[in-house]
Peer 1: 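One structure coming up, written as C-alpha cells, with questions to follow.
Residue numbering restarts at 1 for every chain, and letters A, B, ... go by the order of the sequence lines.
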Protein chains: 2
Amino acid sequence: MKLATLKDGTRDGRLAIVSRDLIRYTDASFLAPTLQAALDDWQRIAPHLAALAESLEHGAVPSSRFHEHDAHSPLPRAYQWADGSAYVNHVELVRKSRGAEMPADFLTNPLMYQGGSDSFLGPRDPIVMADEAWGIDFEGEVAVITGDVPMGTSADEARGLIRLVMLANDVSLRALAPGEIAKGFGFFQAKPSSAFSPVAVTPDELADAWDGGKVSLPLSVDLNGKPFGRANAGVDMTFDFPRLIAHAAKTRPLGAGTIIGSGTVSNKLEGGPGRPVAEGGSGYSCIVEMRTVETLLNGGPKTPFLRYGDTVRIEMKDRAGHSVFGAIEQTVERG
Amino acid sequence: MKLATLKDGTRDGRLAIVSRDLIRYTDASFLAPTLQAALDDWQRIAPHLAALAESLEHGAVPSSRFHEHDAHSPLPRAYQWADGSAYVNHVELVRKSRGAEMPADFLTNPLMYQGGSDSFLGPRDPIVMADEAWGIDFEGEVAVITGDVPMGTSADEARGLIRLVMLANDVSLRALAPGEIAKGFGFFQAKPSSAFSPVAVTPDELADAWDGGKVSLPLSVDLNGKPFGRANAGVDMTFDFPRLIAHAAKTRPLGAGTIIGSGTVSNKLEGGPGRPVAEGGSGYSCIVEMRTVETLLNGGPKTPFLRYGDTVRIEMKDRAGHSVFGAIEQTVERG
C-alpha cells in the first residue's frame, strides 16, 4: 500500500491511503489519525490499512484526486532520523572535495549521522535559507521507516522490521560542514530540515525491485528541469538497509517510526567516480559530487551550489515508467 | 509549576502536576494527555496547568502520593535532543583524555551534537548494556525544553522560549567515542539512550537560582552512594541556554518540545581542572573527567568506568536543601 500525510494545519497532518497510480486518495484517519499513530500500533492497524488500500484500488470507497503538493512528508516530524552513507562512492567524492581521508574501516563499518527530525519540510515546500554562501546542496536518497527495533538486533532480524520505503532530500550546507566535521561532534547547522517524498510505500509495492534490503531502480534527480542524476539505488550500495539498521541499534533500541536514510545514491563507473548525465553517465544525486569530478577532470568546480530560485526534483520511476513515491520538488528561497 | 509523565504502559505516558515539595501529584491528562501535547499548544494549555498546580498546592484537588520511580522521563520520546558542551572545562578534560586538541573557536562557537531522542530511559530505569568494555559513563547535565523556535532566532529572543528545565544523564560509551569522532559524523553508538529527571519545572520554580539562561545551583552526582560531583551549574557555563538555542536554530527551526542539554556540568578551580570531592573540590559530573585528572596528577587513571551493578544518582537541591527535579538514579545491568 501507499501512504501519505495530508497537510491539514496540524503538526502531524492526516493519514491517507493513495492509489498505486498516485491519482486518487482516501482518508485513513479513522483507522489511525497520523502515520506515527499507525506505526506505533502497526501489527493491529496495518491489516486494516491494507484492506482499505485494496478497496481504493477497486473503487469501493469514496476517494478524491491526490495532489502531491497537498502532502506533507509522510512523517512531518519524527522521533528519529539517522542517515547512513551507504554508497561509498559518495563518501569518497565528498572527502576528496574536502581533502580528507577515507576512514580506515569504511568498507566494514557504515558511516551514519544523527539528523534533526523535529521539523521536516514538505516535499513541495521551498528550501528557505538566509545565506546563499552557506553552499546549499541537495542529496537524493532512499529512506526506510522502521517498526520497533530492539537493541542488538542483527541485520537479518532488521529485514523484517522495515515498514515503509520513501525518498529523501537531505538538504546540506557545504560551507558549514567542514568546520563542524573538524570539531568531531558531527553535523548540526550543516544539515537543515530534510524533506521526504509525498508517498511512503510498503516494500511489497516495489515488487522485484526490492530484494529485502535495497531498491534496484534509478533515482531521477533534475536540477532546474535538466537531468542531473540517474544513479541506480540498487548499485554500489555497500551497506543495505538491514545493515544500516543493525548499526544504528547496536547500543540502543530504535523506536517505531525511526527513519533510516541510505545517504546520497551514487554509482561508480568502471571503478571510477562515474560520469555526468550529459556525458552518458548516470550522473550525481548531489552537487558536491559533480563539483569534485569537475575538479578531478578540469582542476576546478564549474557547477555552482544552489542559488535562490533554483529547483531540484527527486523522483523514482518503476520499470514501466510510473512514479513510485511521487516527486520531491523544492525551490530555494531567500528567508 | 512542576510537571511529570507517569508510566501507564503507553509510549508517551500520562501528564501529571507534581507539588513543589515532590510529595503529591494530580492527574493533568484532562488538560493535555501528554507533555508533548501540552508543549504543542503551550500558550493555551499552560495557564490551565498553572491553575491546577496552584489548586494542588492548596489541597483543592484530588491528589496521590508521588513516587519518583513511577515517573518516566518528562518526554519519554522527543522530536529533538540536542546536547551542547557549554562547560568548556569538560571539553578540555575529555579532549586531553583522548590526546585531541581544542577546537580553535571553542570560546565563541558552542560544540553541540544531535542526540537520539526516540527511546529515552526513565529516571530510575536500569542502564542495560551488552558489554562493560564499551566504557560506560554517566554525564550529569541540566537541560531545557523549548517551545517553537523560528530559524534564525537570536539568543535574546530564545530566552523567552524556554518552557521547562530538568536534569539529564547523557549516558556515554567512552570506548566507542574516539572511533566515531575520528570519522567526523559525530556520536551515534557512543551515545545510547539518555534519561531525564522525574520532574521538569517552569523556570519560575527556580526563583533567583535562574537568571534567564542558567541554573546557579550545585549538581549532586553520587556514585554507589558516595559524593562524586558537586559542580555548580551556574559557574563556568561559557554558553548559557539562550546561546545554545540560538546556535541550534541558525539554519532551521526547532519544533516545540526540543530538548537542549548543557553538556556535562564542570567547574574549574583557580584556572585548573578542579579537584575531587574527597579532596575538598567540587568533583566531576562524569567519570572520564575524574580519570583525566588522575592521569594528569598520577600518570594514569584509577577510577574505572561503570561496571554491572554500579549506581549513579543525579540530583539538584535548592538553597533550602529540597530536591528541585527529583533524582535520576540508575543501575548498570548486563543485557
Peer 1: Any side-chain heavy atom of F188(B) within less than 4.5 Å of one from R252(A)?
Peer 2: yes

Peer 1: Measure from NZ or CZ of R11(B) to the centre of the six-membered ring of Y79(A), then state whether that distance is under 6.0 Å and the direction lies within 45° of the axis.
Peer 2: no

Peer 1: Which atoms of T258(B) are under 4.5 Å from chain A, going by heavy atoms: the side chain, the backbone, both sets, or neither?
Peer 2: side chain

Peer 1: Heavy-atom distances under 4.5 Å only: say whether A256(B) touches chain A with side chain, backbone, both or neither.
Peer 2: both

Peer 1: Please find the pair of heavy atoms, one from K183(A) and one from R95(B), that lie closest to each other, and give the distance.
Peer 2: O-NH2, 2.7 Å

Peer 1: Pull out the residues in residues 147-154 of chain B that come under 4.5 Å of chain A, heavy atom to heavy atom, sorted by number.
Peer 2: D148(B), M151(B)

Peer 1: Please classify the contact of A130(B) with chain A as side chain, backbone, both or neither, using a heavy-atom distance under 4.5 Å.
Peer 2: neither

Peer 1: Which pair of non-hydrogen atoms, one from Q189(B) and one from H247(A), has the smallest distance, and what is that distance?
Peer 2: NE2-O, 2.8 Å

Peer 1: With the threshold set at 4.0 Å, does a side-chain nitrogen-carboxylate oxygen contact exist between R77(B) and D40(A)?
Peer 2: yes

Peer 1: State, to 0.1 Å, how close T251(A) and W134(B) come at their nearest heavy-atom pair, and which atoms those are.
Peer 2: CG2-CZ3, 3.8 Å

Peer 1: Name the region of A249(B), side chain, backbone, both or neither, that has any atom closer than 4.5 Å to a heavy atom of chain A.
Peer 2: neither

Peer 1: Just checking heavy atoms, which of residues 106-124 of chain B are less than 4.5 Å from chain A?
Peer 2: N109(B), P110(B), L111(B), M112(B), Y113(B), Q114(B), G115(B), G116(B), S117(B), D118(B), S119(B)

Peer 1: In terms of heavy-atom pairs under 4.5 Å, which option from A78(A), S193(A), S85(A), P103(A) contacts chain B the most?
Peer 2: A78(A)

